[in-house]
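So the structure is just underneath, and the comments pick up after that.
Because only heavy atoms are used, hydrogens play no part in the values below, and waters and symmetry mates are left out as well, while side chains stay in.
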There are 2 protein chains.
Amino acid sequence: MDQTRRRRGSTLEEAIVEAAWDELREAGYAKATMNNIARRAGTSKHVLYRRWKNQPELFLAALKRFAATADVPDTGDVRDDLVALLGRIRQVFDLLPGDLISGLITDSRNDAVLFDEVRTYVMGEGVHDVTRVILRRAADRGQIEPGLPAARILRLPIDLLRNEYLMSRGPLPAETVTEIIDDIVMPLLRPAARR
Amino acid sequence: MDQTRRRRGSTLEEAIVEAAWDELREAGYAKATMNNIARRAGTSKHVLYRRWKNQPELFLAALKRFAATADVPDTGDVRDDLVALLGRIRQVFDLLPGDLISGLITDSRNDAVLFDEVRTYVMGEGVHDVTRVILRRAADRGQIEPGLPAARILRLPIDLLRNEYLMSRGPLPAETVTEIIDDIVMPLLRPAARR
DNA sequence: GACGATAAGGAACCGTTGGGTCCTTACATG
DNA sequence: CATGTAAGGACCCAACGGTTCCTTATCGTC
């Protein structure tokens with residue numbers, strides 16, 4: 001940009017990641033190109049490939065940088081906490097290029113290391129930590145059975161929302177969140193309760 | 001193949017779809033090329049593009065042709081029926097090129113018509129009809145509450161299995177099926193029952 | 001303050017791929 | 001047997017990911 005000022009290190013790196021994100025937002029995963037990203041960042045492909053060994057790797061970096069993890073809601077009620085959590089994730093999904101997640105999953109499938117990174121970030125432990133905190137609090141309050149539920153139940157809320165997101169085009173309706181929580185998750189958390 | 005015999009119509013079409021499937025199986029979604037498919041089928045790209053307007057369209061045709069829908073298990077018990085159903089689907093998943101489904105989802109995202117076709121086939125009504133029959137029978141036998149459960153619960157078994165498949169590389173372990181059914185689905189079907 | 005290693009800028013290049021054109025020739029139909 | 005349709009096949013094109021090479025600015029070190 002500034003003709004005679006040559007950026008280096010993390011300054012340059014951030015500019016590139018930001019450019020990648022802009023390109024992803026505007027063109028989508030499928031049509032985003034390394035050339036465009038380089039041009040946007042005011043640099044050359046050379047520099048991109050020095051830092052990331054291929055396109056998906058850079059795209060993942062961009063995703064990591066811009067889709068921050070949500071903090072833990074604390075309303076005093078499990079159900080409301082879960083609704084709030086999924087609500088926020090739904091909003092994040094809305095900001096994502098529609099084909100980013102599925103594209104990343106597809107393209108990282110022949111690279112075990114990258115796939116695991118994608119997996120960890122998009123659907124791995126980190127994401128479910130928040131749910132774990134919510135459920136532990138609920139157990140402490142006596143709203144659900146003591147102790148944590150089975151791993152699969154813990155993952156359920158986010159798995160179901162992500163599933164819904166991957167299987168649809170365009171933004172998710174708000175009811176999706178409440179349906180998932182009220183029809184599926186809550187009945188599993190209150191074992192022999194109402195209804 | 002046969003030098004002087006020129007195939008036409010459905011004969012040729014089937015040969016192409018079969019070639020596409022072979023190519024998909026051997027190269028995977030990401031690396032399968034139209035050129036290779038044409039060569040395998042002993043024809044030219046010209047002929048492919050006369051029938052399918054682009055690559056994903058042909059790939060979807062190949063998927064439709066080779067991944068037949070399972071028939072309805074009938075063991076006399078809901079739980080066993082569901083386990084059998086998911087078990088079969090799991091086997092089908094094993095035969096699929098690992099990146100086919102997610103690739104199709106990614107690439108069809110900018111074509112509403114195609115996406116809907118993928119959606120209908122991969123995750124649409126047709127797939128859940130089998131579950132519906134199983135549950136209706138169970139309700140008739142009095143094993144679960146009368147009437148069909150909420151749409152979301154009905155879709156749950158297959159949604160969860162597909163989710164597991166999309167989010168992992170390599171074949172799914174058999175326990176996945178029983179865990180999904182026993183930890184999640186069954187407790188939701190027997191409302192105020194055991195545990 | 002001078003110097004050398006490092007890395008940025010920039011352009012050109014390569015191989016592959018999806019998609020398309022054009023011409024020749026086989027075949028099914030009337 | 002004549003004719004329209006479509007298969008076969010070669011060739012072309014633009015775009016893209018990835019690579020290479022050369023020039024030049026910047027940073028750390030002496």
Side-chain angles (χ1 to χ4, degrees), chain A residues 1-20 23-24 26-62 99-100 103-104 106-111 114, chain B residues 1-20 23-24 26-62 99-100 103-104 106-111 114:
Chain A
M1 306 292 162
D2 193 338
Q3 217 56 323
T4 176
R5 188 137 211 91
R6 188 175 276 189
R7 299 155 302 172
R8 306 197 143 212
S10 58
T11 314
L12 179 56
E13 187 153 329
E14 269 203 43
I16 295 172
V17 173
E18 193 159 339
E23 171 78 359
L24 277 170
E26 285 178 33
Y29 185 92
K31 294 187 177 168
T33 77
M34 295 302 262
N35 264 317
N36 281 345
I37 295 173
R39 201 161 34 72
R40 264 180 208 269
T43 183
S44 70
K45 285 198 285 182
H46 190 70
V47 179
L48 310 196
Y49 282 100
R50 190 197 304 278
R51 286 152 205 266
W52 297 275
K53 66 175 205 289
N54 52 39
Q55 200 184 49
E57 210 100 27
L58 169 55
F59 287 170
L60 175 60
D99 54 355
L100 176 57
L104 233 29
T106 307
D107 286 351
S108 67
R109 266 201 138 76
N110 40 11
D111 177 341
L114 181 58
Chain B
M1 305 296 162
D2 193 338
Q3 218 55 323
T4 175
R5 187 136 210 91
R6 188 176 275 189
R7 299 153 303 171
R8 305 199 145 211
S10 57
T11 313
L12 179 56
E13 188 155 327
E14 268 202 43
I16 295 171
V17 173
E18 192 158 339
E23 171 77 359
L24 277 170
E26 285 177 33
Y29 185 93
K31 293 187 177 168
T33 77
M34 295 301 261
N35 265 318
N36 281 345
I37 295 173
R39 201 161 35 73
R40 264 180 208 268
T43 183
S44 70
K45 284 197 288 182
H46 190 70
V47 178
L48 309 196
Y49 282 101
R50 191 197 303 278
R51 285 152 208 266
W52 297 275
K53 65 174 205 288
N54 53 38
Q55 200 183 47
E57 211 101 26
L58 170 55
F59 287 171
L60 175 60
D99 56 354
L100 175 58
L104 234 28
T106 307
D107 286 350
S108 67
R109 266 201 139 76
N110 42 9
D111 176 342
L114 181 58

Taken to the nearest whole Å, CG/B:Asn36 to P/C:dT17 is 7 Å
B:Ser108 meets the side chain to side chain donor-acceptor pair (under 3.5 Å) criterion, sequence neighbours left out, with none
Report yes if some heavy atom in the side chain of B:Glu26 is under 4.5 Å from a heavy atom in the side chain of B:Asn36; otherwise report no.
no
| task | Give B:Ala30 one of three labels, base, sugar-phosphate or nothing, depending on what nucleic acid heavy atoms sit under 4.0 Å from its own. | result | nothing
Applying side chain to side chain donor-acceptor pair (under 3.5 Å) to B:Glu18 and not counting sequence neighbours gives none
Query raised in the report: Hey, is the side chain of A:Arg39 poking within less than 4.0 Å of OP1 or OP2 on C:dG9, counting only N and O atoms?
Result: no
Do the side-chain N or O atoms of A:Arg50 get closer than 4.0 angstrom to the phosphate oxygens (OP1, OP2) of C:dA8? yes
Those residues at least two apart in sequence (or on a different chain) that pass side chain to side chain donor-acceptor pair (under 3.5 Å) with B:Asp111 are B:Lys53
Between NZ of B:Lys31 and P of C:dG18 the distance, given in whole Å, is 13 Å
Check: A:Gly42 main-chain N/O paired with A:Arg7 side-chain donor or acceptor under 3.5 Å | yes
By side chain to side chain donor-acceptor pair (under 3.5 Å), A:Asp107 pairs with (sequence neighbours left out) A:Tyr29
When rounded to whole Å, the CD to P distance for the pair B:Gln55 and C:dG20 reads 13 Å
Rounded to whole Å, CZ of A:Arg6 lies from P of C:dT6 at a distance of 16 Å
Atom CZ of A:Arg51 and atom P of D:dG18 are separated, to the nearest Å, by 17 Å
- Task: Quick one: label B:Ala38 by what it contacts on the DNA or RNA (base, sugar-phosphate, nothing), any heavy atom closer than 4.0 Å.
- Result: nothing
Enumerate the protein-to-nucleotides 11-16 of chain C contacts in which both atoms are nitrogen or oxygen and the separation is below 3.5 Å.
none

Which of C:dA8, D:dG17, D:dA7 is nearest the side chain of A:Met34? It is D:dG17
When rounded to whole Å, the CG to P distance for the pair A:Leu48 and C:dA7 reads 16 Å
With sequence neighbours left out, the residues meeting side-chain contact (heavy atoms from CB on, under 4.5 Å) with B:Arg51 are B:Leu12, B:Glu13, B:Ile16, B:Val47
Contacts of B:Leu12 and B:Asn35 projected onto DNA chain D by closest heavy atom; the upstream (5') one is B:Leu12
Taken to the nearest whole Å, OH/A:Tyr29 to P/D:dG17 is 10 Å
Tell me whether the side-chain N/O atoms of B:Tyr49 come closer than 4.0 Å to OP1 or OP2 in C:dG20.
no
Here the distance between atom C1' of C:dT17 and atom CD1 of B:Ile37, to the nearest Å, is 12 Å
